[in-house]
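Structure first, then comments.
Keep in mind that the numbers below use all heavy atoms, side chains included, and drop hydrogens, waters and symmetry copies. Predicted model, so just to flag it, every value in this text is computed and none were measured.
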4 protein chains.
Amino acid sequence: MKRARTDEAKEDRRAALLKAALDTFYEHGFRAARMDDIARRAGVSKGAVYLYFDSKDALFEALIEDLATPNIERAEAIMRSAPSFDMAVTQFAAFAPYMLQETDLPKLMKILVGDSQFFPDVISNYRRNNLERLIGALKTLLTEAHARGEIDAPDADLTARLIVAPMAFAGMWQAVFGRDPEAAMDLPALFALHAANIRKALRPEAPE
Amino acid sequence: MKRARTDEAKEDRRAALLKAALDTFYEHGFRAARMDDIARRAGVSKGAVYLYFDSKDALFEALIEDLATPNIERAEAIMRSAPSFDMAVTQFAAFAPYMLQETDLPKLMKILVGDSQFFPDVISNYRRNNLERLIGALKTLLTEAHARGEIDAPDADLTARLIVAPMAFAGMWQAVFGRDPEAAMDLPALFALHAANIRKALRPEAPE
Amino acid sequence: MKRARTDEAKEDRRAALLKAALDTFYEHGFRAARMDDIARRAGVSKGAVYLYFDSKDALFEALIEDLATPNIERAEAIMRSAPSFDMAVTQFAAFAPYMLQETDLPKLMKILVGDSQFFPDVISNYRRNNLERLIGALKTLLTEAHARGEIDAPDADLTARLIVAPMAFAGMWQAVFGRDPEAAMDLPALFALHAANIRKALRPEAPE
Amino acid sequence: MKRARTDEAKEDRRAALLKAALDTFYEHGFRAARMDDIARRAGVSKGAVYLYFDSKDALFEALIEDLATPNIERAEAIMRSAPSFDMAVTQFAAFAPYMLQETDLPKLMKILVGDSQFFPDVISNYRRNNLERLIGALKTLLTEAHARGEIDAPDADLTARLIVAPMAFAGMWQAVFGRDPEAAMDLPALFALHAANIRKALRPEAPE
DNA sequence: GATGAATGAGAATTCATTCAT
DNA sequence: TATGAATGAATTCTCATTCAT
């Protein structure tokens with residue numbers, strides 16, 4: 001393999017290793033994943049992996065770290081920029097299928113669930129810095145819309161979780177059954193229906 | 001260890017091994033789980049496990065087989081026996097927290113997700129014989145209620161999945177973050193709200 | 001299994017175990033042979049084997065002990081009773097195929113060769129008490145015939161071994177390739193030819 | 001252990017492993033031989049063996065493969081190059097003790113006999129490609145000499161086997177009793193006598 | 001920096017032997 | 001006596017990690 005002398009080349013190789021690790025962990029699980037496979041998939045020798053990561057554990061931790069941040073920031077931006085609750089819900093319904101089908105999110109979800117036991121701290125951080133932050137942003141949105149009388153959602157926390165739930169459901173479904181064409185789901189339709197349901201369920205009752 | 005000479009004593013031991021396997025697979029994942037630990041947890045020697053199961057794989061498969069059936073039958077019974085759609089939703093909202101907190105369902109879910117790659121057939125069967133069957137039963141309920149004009153749910157399949165989604169969400173959450181008290185969720189409240197949302201979202205629009 | 005209360009019943013069971021052991025050791029070798037298989041083949045429970053033999057080793061030793069003696073005595077009798085060297089050779093040529101085809105001798109040979117390393121004493125005894133005794137008897141026969149001028153065999157020891165060699169050859173062949181019909185040999189013809197060769201080779205040269 | 005980086009160094013290590021395997025299988029038999037012992041005897045670690053051979057079985061098969069070919073070719077060359085039947089027999093008588101005392105042939109013979117049950121195909125191939133080929137070469141020699149009137153050997157096949165028999169006998173004797181000095185045989189004398197016997201036995205009878 | 005050969009701890013599985021019934 | 005469930009030592013093979021080249 002050519003030597004990665006420049007910083008940029010090093011960064012590329014690091015990224016290739018993380019992508020290879022993601023796919024390998026997804027396909028085999030953390031324990032069954034072989035460093036050798038990850039190395040080969042990244043087009044690098046076994047020994048070279050250790051030039052970039054101290055250990056298999058460190059590789060896993062770096063992987064989660066790396067994948068976590070971008071998504072959450074995008075989601076927060078959507079919620080902050082939406083002019084109304086309805087618009088936010090609409091955008092969420094459009095964004096969710098994309099996330100589940102075009103990004104590595106389902107793979108990440110499966111890895112987090114399947115291998116969480118090895119890295120309690122990583123998992124705990126992920127929950128706090130990503131899931132709770134996402135739910136928190138949703139809660140803010142709900143609370144403000146409720147205050148404006150736009151929706152009727154007295155319990156913002158639980159409501160936020162119910163809004164998010166289909167993403168968890170569809171993501172896991174994708175991750176676990178995704179290879180089986182028989183199990184395919186129409187995600188855009190699912191989330192469009194979900195958005196409609198949410199809007200209707202949160203619609204303030206017209207006063208008599 | 002005392003010897004299990006009667007069929008009943010053998011059945012008890014088999015059950016103890018399955019319970020030990022469930023807990024060990026849940027805590028460590030299939031690959032990292034040591035047969036020795038499973039044996040010790042069930043109070044028998046390493047070798048004894050092999051008197052009851054041919055291999056670690058066979059133990060896993062027996063475990064899924066064993067845990068799968070009872071739940072689904074209970075759920076189907078609930079749906080069939082409910083006099084109205086509203087009642088069914090109410091019962092579901094009461095049943096879900098129990099399932100998630102008092103049974104091994106979340107552990108099973110985590111194992112299925114985390115170790116699905118090792119047993120594609122087992123996972124595929126589980127989807128067909130359990131998840132799709134549960135969704136199917138819900139669809140029937142929805143279709144009939146829709147026909148009666150009780151609800152407005154033109155797409156029964158996706159609606160069923162949206163009804164089920166919070167169970168997947170809460171189950172995985174429980175399984176992955178359950179040990180962390182900070183992450184606790186009020187499941188009865190969550191499902192009560194979910195039931196209310198569902199009822200409102202599916203309520204037929206009053207004709208003009 | 002019925003209990004073997006009488007001495008005769010015990011002896012029968014012991015013999016059944018030895019026969020089962022012979023076949024199992026022959027088929028799998030000492031190390032790979034499972035006590036369970038031997039027991040089952042003898043129609044006895046695993047534990048019962050230990051009522052008759054202290055250990056797998058003891059079973060092996062008893063087996064060799066048991067099978068050794070009868071054959072050698074028969075062979076010695078033949079040689080002692082033959083009126084002439086020619087007759088002895090003729091009888092040997094007739095006896096050898098029978099031994100190789102109708103008795104367990106080839107199985108015994110294979111076991112001795114294949115598992116000799118585990119029991120150096122057993123093997124050493126077998127050589128002394130059986131092989132060397134057989135060769136010794138042949139030597140006596142040769143020496144006496146030579147003294148009578150019936151044959152010309154100055155080196156009785158080596159001659160005896162050369163006479164015996166085809167039995168070793170055919171026995172091992174049988175034991176190793178016997179299952180393969182393609183490898184079959186016409187043993188009666190082989191030994192008839194051997195006898196003829198021996199007679200001709202040992203015929204005293206006519207003095208000029 | 002120093003690392004074998006060149007192809008040559010790797011070939012050397014492979015050969016060292018095969019030699020270690022031969023000795024270990026000879027001493028303990030296939031089943032009782034420990035991979036660890038083979039590795040240690042070759043001066044490498046347990047894991048290193050698996051860099052050269054996929055499994056214990058593969059190591060065994062490679063061993064037989066490796067040892068089979070050279071001997072047979074040498075023997076065939078001898079028979080083809082001999083100017084007369086008598087010369088061929090003389091050379092055979094000189095060659096046999098060397099093969100039995102200076103090469104690994106007896107060890108190979110013991111392994112083939114003792115562990116034949118594990119590898120029926122290997123054993124079957126060995127018979128066809130080595131033993132039958134050797135016997136075939138001898139048959140050709142006998143048939144041609146018979147046709148020339150040099151010898152009287154109407155049944156070339158059986159005669160060939162009788163010529164070869166003492167090698168089998170002495171080889172097994174060597175392999176099984178070789179460690180015991182008390183059991184030593186004078187192989188050069190044995191084969192010299194055998195050659196003399198063969199020549200005399202096959203000498204055409206003078207016409208009346 | 002990069003490689004891949006070597007290491008050795010670790011885990012599944014087998015089976016002789018024991019012993020409660 | 002007879003059984004067969006239970007034990008645990010032993011053995012094969014894997015793979016993260018190291019380090020000579």
| request: Could you grab the distance from atom CZ of R40(C) to atom CZ of R34(C), nearest 0.5 Å is fine? | output: 7.5 Å

| Nearest-angstrom distance from the residue atom CG of D57(C) to P of dC15(E) | 16 Å

| query | Honestly, is K56(B) close enough over F30(B), meaning NZ or CZ under 6.0 Å from the six-membered ring centre and within 45° of the axis? | reply | yes

| request: Between dA6(F), dT3(E), dA5(F), spot the one nearest the side chain of V44(A), thanks. | output: dT3(E)

| Separation of D54(B) atom CG from dT13(E) atom P, in whole Å? | 10 Å

| request: May I ask you to check if R14(C) and Y52(C) form a cation-pi contact, with NZ or CZ under 6.0 angstrom from the six-membered ring centre and within 45° of the axis? | output: no

| Nucleotide nearest Y52(B) (side chain, heavy atoms from C-beta), chosen from dA5(F), dT7(E), dT3(E) | dA5(F)

| message | Quick check for you: among dG8(F), dT7(F), dG8(E), whose closest atom lies nearest to any side-chain atom of K46(B)? | response | dG8(F)

| task | Report the distance from atom CG of L51(B) to atom P of dG8(F), rounded to the nearest whole Å. | result | 13 Å

| More 5' along DNA chain F: A33(A) or R34(D), using each one's nearest nucleotide? | R34(D)

| Taking Y26(A) for the side chain and A175(A) for the main chain, is one N or O donor matched with an acceptor at less than 3.5 Å? | yes

| query | How long is the line joining CZ of R31(B) and P of dG10(E), in whole Å? | reply | 16 Å

| field | Gap between atoms CZ and P, on F60(B) and dA12(E) respectively (whole Å) | value | 15 Å

| field | Partners meeting side-chain contact (heavy atoms from CB on, under 4.5 Å) with A39(C) (sequence neighbours left out) | value | V49(C)

| query | What integer distance in Å separates L59(C):CG from dA16(E):C1'? | reply | 12 Å

| Is the count of non-hydrogen atoms from other residues, nucleotides or ligands lying under 6.0 Å from D36(A) atom CG greater than 12? | yes

| Test of ring centre spacing under 6.0 Å for F60(C) and F119(C) | yes

| task | Specify the residue among S55(D) and V49(B) whose closest nucleotide of DNA chain F lies further upstream toward the 5′ end. | result | V49(B)

| said: Using 0.5 Å steps for rounding, measure from the CG atom of D12(B) to the CG atom of D7(B). | reply: 11.0 Å

| said: Judged by each residue's nearest nucleotide on DNA chain E, which is more toward the 5′ side, A32(C) or A32(B)? | reply: A32(B)

| Would you find a donor on one side and an acceptor on the other, under 3.5 Å apart, between the side chain of K110(A) and the backbone of G29(A)? | no

| request: Could you tell me the separation between the CG atom of D36(A) and the P atom of dT14(F), rounded to a whole number of Å? | output: 13 Å

| field | Contact list for DNA chain F against residues 17-30 of chain C - heavy-atom distance below 4.0 Å | value | none

| message | Within the 4.0 Å heavy-atom criterion, would you say K56(B) contacts the bases, only the backbone, or no part of the nucleic acid? | response | sugar-phosphate

| request: Would you mind reading off the distance between F53(D) atom CZ and dA5(E) atom P, rounded to a whole angstrom? | output: 15 Å

| query | Can you give the dot-bracket line for DNA chain F, using ( ) for pairs inside the strand, [ ] for pairs that cross earlier ones, | for pairs with another strand and . for unpaired bases, where Watson-Crick and G-U count if both distances are under 3.5 Å? | reply | .||||||||||||||||||||

| task | Look at the side-chain N and O atoms of Y50(B) and state whether any lies under 4.0 Å from the OP1 or OP2 oxygen of dA5(F). | result | no

| note | One should read off an interatomic distance between Y50(B) OH and L59(B) CG, to the nearest 0.5 angstrom, of 9.0 Å

| query | OP1 or OP2 of dA2(E) sitting under 4.0 Å from any side-chain N/O of R13(A)? | reply | yes

| From the list dT17(F), dA6(E), dA16(E), which nucleotide is the closest neighbour of the side chain of M35(C)? | dA16(E)

